[in-house]
Structure formats: C-alpha cells, structure tokens
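Presented below is the structure to which this report refers.
We count ligands from 1, going down the list as the structure has it; atoms in each ligand are counted the same way. Predicted model only: the values in this text are computed from it and were never measured.
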Amino acid sequence: MIFESHAHYDDKQFDPDREELLSSMEEHGIERIINVGSDFASCKHTLELTKQYAFVYGALGIHPSDIADLNEETYEWLRENARLPKVVAIGEIGLDYYWEKEPEVQSRQRYWFCRQMELARELALPVIIHSRDAAEDTMQLMKGIHAEQIPGVIHCFSYSPELAQEYVKMGYYIGIGGVVTFKNSRKLKETAANVPLERILLETDCPYLAPEPNRGKRNSSLNLPYVAKEIAALRGITEEEVIETTRKNALRLFAKVGI
Ligand code: NI
C-alpha cells in the first residue's frame, strides 16, 4: 500500500469529482494521504477533509507565496488547530524566490518561515518544507535555528544531489514526485538514485506535476505507481521495495498517523 505524503485535494480542480476520486483511493492501493495546507482557506478545507475521510490526514501551514494570510490571529489559529489528532505536520512552509523577487517580501517570507518552524518545535510536529530558487537562504536559515532538531521533509526536492545529501545529514527526508519521470530532470534522477532509500518519501503535489505518461494532465495520488516505478528503475530495485520502504519512512516521520 502506498503512502501519499503531499496532496492538495482542497484545490478547486477537484471540485467536479473530489468525492468520487477520494472514495476510490483505497481500492487502488493508496493507504494514507496527507493533505497539505497552502493558504488559510486551504488549511480550513484540509481539516474538513480529515473529518470526512478516515485515511486523510492534514498538515497546517502557510506557503511562502501566501504569507499575506498570516498575522498573529491566523498564527494563533494554526497553533490551536495543529493540536487536533489528525493534524500530523506543519506545512507547507518555506521560501519561494521563483515567484517572489521583491527583497522586502522575501524577508517577510523568512520571518514567517522561522515563526512556523518554531511552532512545529513547540508542538513537536514535523515540518513540510517548500523551497524554490532559495537554496542558500533556506539552508542558512535552517542552520541558524537548529532545524536539525525539527524532523521534516524537503518537499518536491529541486536542488542538487549534493544538497540532498546535506539535508539527509540533518535528518531530513527528501520528497520525490512526478518530476523524477521527466526526461530533462537529470539532477533529480541522480538524487533519487543516490540518497538512502530510508530517506525518500513519495508525493504527488497534486493537482500539479503529473508524472509521465500523464504529464500536463491533472495529477492525483493514483499516479504514484509511475513515480515508484521510476525510482525503482533508477536504483535497480523493485517497485514494491520502493513503495514499502517509503511507506515505513512516512509512518516514522508523521508519527501521529495511525495504521
Ligand atoms: Ni504542495
């Protein structure tokens, strides 16, 4: 059975068939799903999904592109609700300098990334980190706050294989999804082949980043076997070994997820 560590089923792209799709997960071998908040509304929707589906768990946090949603009041809301039994992580949080070039806003991203990391530390929850075009600042900030004491995953890992190893040394997991199946993803293929299998998590980031052969279409957890197959091929092991090991990894990291 597959553990899906990063999905956005609150996204409006799922409005037409969300119920039908989620109800078909278990029969297709998807055992557990973490729905990850990005803005404030999606955090609220995430909580609803965790109530509606036994196998759906939630992560609460504000994405760097949505920090306009954060203030002391919404931060307090996160703190309250992250204590719920089915909220298993703080995320997604981090830095995104691809979509945000304004230095002043980038500095606010760093402020709220730090605050949400401290929230995870306070609540003893793992973090789900989004970092794009901000490799150096992410690492510097994390070292500065001793992030090695806070367990977590670097989701949709997009940096060098060397940086992946550095995160692994800090105790972090590497989230790998559909991009690994793309022909031009040389760096990520190298990462997927070389980081310890015990540190890899399977994820979709759906509705985005569908793997080959469905690239460009709406993504869902049902595409995860393509990701597992690619990682298996890169490492010369079986797809089953990838699925079983990444499942154990996710259960180790997201300790509040029940089986
Ligand atoms: Ni995401």
Side-chain angles (χ1 to χ4, degrees), residues 2-15 18 21-22 25 30 32-50 56-70 78 82 87-100 109 112-113 116-117 120 125-135 138 152-159 164 167 172-182 185 188 191 200-211 214-224 227 246 250 253-254 257:
I2 293 177
F3 194 116
E4 153 76 286
S5 67
H6 195 116
H8 300 285
Y9 285 108
D10 53 279
D11 193 283
K12 62 180 185 313
Q13 288 191 48
F14 294 111
D15 284 354
R18 182 177 294 107
L21 182 62
L22 283 172
M25 287 296 158
I30 310 297
R32 291 288 181 270
I33 294 173
I34 297 186
N35 202 77
V36 182
S38 48
D39 61 10
F40 191 60
S42 79
C43 285
K44 287 186 164 169
H45 198 160
T46 292
L47 289 185
E48 285 170 35
L49 291 172
T50 66
V56 175
Y57 289 76
L60 297 184
I62 305 296
H63 186 286
S65 300
D66 295 302
I67 51 160
D69 283 3
L70 269 167
L78 290 176
V87 175
V88 299
I90 297 295
E92 57 189 290
I93 61 175
L95 302 178
D96 193 318
Y97 296 173
Y98 178 83
W99 292 110
E100 185 55 67
Q109 286 190 359
W112 284 113
F113 180 28
Q116 294 183 95
M117 288 292 283
L125 285 173
V127 288
I128 298 173
I129 293 177
H130 168 107
S131 176
R132 190 168 182 202
D133 278 9
T138 303
V153 54
I154 311 297
H155 126 77
C156 196
F157 189 81
S158 60
Y159 298 133
Y167 276 117
Y172 276 74
Y173 291 79
I174 305 295
I176 297 180
V179 176
V180 77
T181 67
F182 300 171
S185 69
L188 184 59
T191 298
I200 294 178
L201 297 186
L202 290 184
E203 63 167 54
T204 56
D205 206 19
C206 66
Y208 311 106
L209 300 172
N214 294 323
R215 188 173 181 177
K217 296 183 190 158
R218 185 186 73 173
N219 198 7
S220 88
S221 311
L222 302 180
N223 282 320
L224 280 171
V227 177
T246 54
L253 177 62
F254 302 110
V257 173

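- Panel note: side chain Ser5, backbone Leu202; a donor-acceptor pair is recorded below 3.5 Å.
- At distances below 3.5 Å, at least one donor-acceptor pair connects side-chain atoms of Asn219 with backbone N or O atoms of Leu209.
- When you scan the N, O or S atoms of Asp205 for the one nearest the Ni ion (ligand 1), you land on OD1.
- Glu4 contributes atom CD, which lies 10.5 Å from atom CG of Leu201 (distance to the nearest 0.5 angstrom).
- When the N, O or S atoms of Glu92 are ranked by distance to the Ni ion (ligand 1), OE2 comes first.
- Put simply, the angle at the Ni ion (ligand 1) from NE2 in His6 to NE2 in His8 is close to 90°, to the nearest 10°.
- For the pair Ser38 (side chain) and Ile62 (backbone), a donor-acceptor distance under 3.5 Å is absent.
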